[in-house]
Peer 1: 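Sending over a structure as structure tokens; questions will come in a sec.
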Amino acid sequence: MKHATKLAAAAVGIAALMGSAVAAGPGHTVTHPGDTPSRTGGHETFTGAVRHDSIARRDDLNPFTVSVVTFEPGARTFWHTHPAGQRLVILTGEGLIGTPDGKVERVHPGDIVWCPPGLKHWHGATPTTAMSHMAITAFKDGKNVTWMEEVSAEQYVYPETKKE
């Protein structure tokens with residue numbers, strides 16, 4: 001029940017961000033699903049099949065981006081950092097979050113992950129289950145991410161199979 005409540009709250013927040021839950025009034029801008037085309041994650045920043053849907057881009061009033069990223073089973077980001085941090089809201093499926101010390105955590109719908117500024121990490125789906133998350137990423141000095149090397153097969157481990 002706890003996860004269902006968190007997921008419901010996340011869904012309401014996404015609907016509000018997308019403008020689909022309320023009628024537009026004078027001066028409002030409404031973006032409908034499909035108005036912004038989906039993008040495929042590039043092979044220089046992702047392993048496997050990844051779809052990226054932008055909800056909000058940075059502008060003069062909003063110093064962050066909001067995206068929904070969907071990872072097919074086994075798909076994941078490359079190692080990366082965020083100069084101003086990143087918040088992930090897990091929406092569907094089961095995911096993994098890893099750090100250079102070898103720690104890999106499982107995440108589920110309703111979980112909220114804070115990646116502090118400068119923390120080298122990766123995230124993605126488990127080997128058998130797709131995962132979608134909403135990423136809220138702030139900017140510092142005009143930059144919101146620094147991409148690094150690919151996550152190796154040895155680093156991409158499902159916690160229950162990880163060797164101590």
Peer 1: Let me see the working for W79 and Q155 under side chain to side chain donor-acceptor pair (under 3.5 Å), right down to the final yes or no.
Peer 2: CA-CA 10 Å; W79 289 102; Q155 294 166 324; 3.1 Å; yes
Peer 1: Whether the side chain of H52 engages the backbone of V69 through a donor-acceptor N/O pair (distance < 3.5 Å, no angle test) should be reported.
Peer 2: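 Looks like no, no N/O pair under 3.5 Å.
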Peer 1: Is the H121 ring parallel, tilted or perpendicular to the H123 ring (thresholds 30°, 60°)?
Peer 2: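 Rings of H121 and H123: parallel, under 30°.
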Peer 1: Does atom CZ (R106) have a neighbourhood of more than 12 heavy atoms from anything else shown, all under 6.0 Å?
Peer 2: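 Enclosed.
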Peer 1: Verify whether one side chain among W114 and Q86 offers a donor that lies under 3.5 Å from an acceptor in the other.
Peer 2: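 Per modelled atom types, W114 and Q86 side chains form no pair under 3.5 Å.
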Peer 1: Nearest heavy-atom pair of T99 and D101: which atoms, and what distance?
Peer 2: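 What the structure gives for the nearest pair is OG1-OD1, 2.6 Å.
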Peer 1: Working to the nearest 0.5 Å, report the span between CZ of R76 and CG of L96.
Peer 2: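 That separation rounds to 9.5 Å.
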Peer 1: Compare all side-chain heavy atoms of V113 with those of V107 and state whether any distance is below 4.5 angstrom.
Peer 2: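 Yes; the side chains approach each other to less than 4.5 Å.
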Peer 1: With rounding to the nearest 0.5 Å, note down the distance linking CG in D53 to OG in S132.
Peer 2: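 Between atom CG of D53 and atom OG of S132 there are 8.5 Å.
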Peer 1: Return yes when atom CG of D141 has more than 12 non-hydrogen atoms of other residues, nucleotides or ligands closer than 6.0 Å, and no otherwise.
Peer 2: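 For D141, atom CG is not crowded (no more than 12 foreign heavy atoms under 6.0 Å).
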Peer 1: Could you check whether E149 pairs with K120 (Lys NZ or Arg NE/NH1/NH2 to Asp/Glu carboxylate O, under 4.0 Å)?
Peer 2: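 Looking at E149 and K120, the cut-off is met.
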Peer 1: Test side chain to side chain donor-acceptor pair (under 3.5 Å) on T137 and N144; report intermediate values, then the result.
Peer 2: CA-CA 6 Å; T137 312; N144 70 347; 5.0 Å; no
Peer 1: Can any side-chain N or O of R51 pair as donor or acceptor with the backbone N or O of A49 at less than 3.5 Å?
Peer 2: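 Pair absent, no side-chain N/O of R51 close to backbone of A49.
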Peer 1: Out of curiosity, does I112 fall in the hydrophobic cluster containing L119 (side-chain heavy atoms, cut-off under 4.5 Å, transitive links)?
Peer 2: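 L119 does not cluster with I112.
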Peer 1: Which atom pair, heavy atoms only, marks the closest approach of P117 to A84?
Peer 2: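 Between these two residues, the closest heavy atoms are CG-C, 3.7 Å.
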Peer 1: Can you find a heavy atom in the side chain of K143 that is under 4.5 Å from one in the side chain of T146?
Peer 2: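 Yes, at least one pair of side-chain atoms sits under 4.5 Å.
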Peer 1: Do Y158 and E94 have a side chain donor and acceptor closer than 3.5 Å?
Peer 2: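 Yes, E94 and Y158 have a side-chain donor paired with an acceptor closer than 3.5 Å.
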Peer 1: Report the distance from atom CD of E150 to atom OG1 of T77, rounding to the nearest 0.5 Å.
Peer 2: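 It comes to 10.5 Å.
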Peer 1: Going from OG1 on T36 to CD1 on I55, what distance comes out if it is rounded to the nearest 0.5 angstrom?
Peer 2: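 If I round to the nearest 0.5 Å, the distance is 9.5 Å.
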Peer 1: Please find out if less than 6.0 Å separates the ring center of F46 from that of W122.
Peer 2: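 No.
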Peer 1: Does any non-hydrogen side-chain atom of P83 lie less than 4.5 Å from one of F139?
Peer 2: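 The answer is no, as the side chains (C-beta and beyond) never meet within the 4.5 Å cut-off.
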Peer 1: Mind checking whether C115 and T81 have side chains closer than 4.5 Å, heavy atoms only?
Peer 2: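 No, every pair of side-chain atoms sits at 4.5 Å or beyond.
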Peer 1: Which atom names give the shortest non-hydrogen contact between P73 and A130, and what distance separates them?
Peer 2: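 Heavy atoms only, the tightest pair is CG-N, 3.7 Å.
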Peer 1: Calculate, to the nearest 0.5 Å, the distance between atoms CH2 and OG1 belonging to W147 and T45 respectively.
Peer 2: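 Rounded to the nearest 0.5 Å, the CH2-OG1 separation comes out at 5.0 Å.
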Peer 1: Test of understanding: clusters of I, L, V, M, F, W, Y form through side-chain heavy atoms closer than 4.5 Å, transitively. Do V151 and M148 belong to the same one?
Peer 2: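 As far as the 4.5 Å side-chain criterion goes, M148 and V151 are connected within one cluster.
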Peer 1: As an exercise, state the distance from NE2 of H82 to CD1 of I136, rounded to the nearest 0.5 Å.
Peer 2: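 Output value for this atom pair is 12.0 Å.
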Peer 1: Angle class for the H133/F71 ring planes (parallel below 30°, perpendicular above 60°, tilted otherwise)?
Peer 2: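 The rings of H133 and F71 sit tilted, inter-plane angle from 30° to 60°.
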Peer 1: If I compare all heavy atoms of P109 with all of G93, which pair ends up nearest, and what's the gap?
Peer 2: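 Where P109 meets G93 most closely, the heavy atoms are CD-O, 3.0 Å.
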Peer 1: Considering only heavy atoms from C-beta outward, does the side chain of I90 approach that of M131 to under 4.5 Å?
Peer 2: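 Answer yes - side chains close enough.
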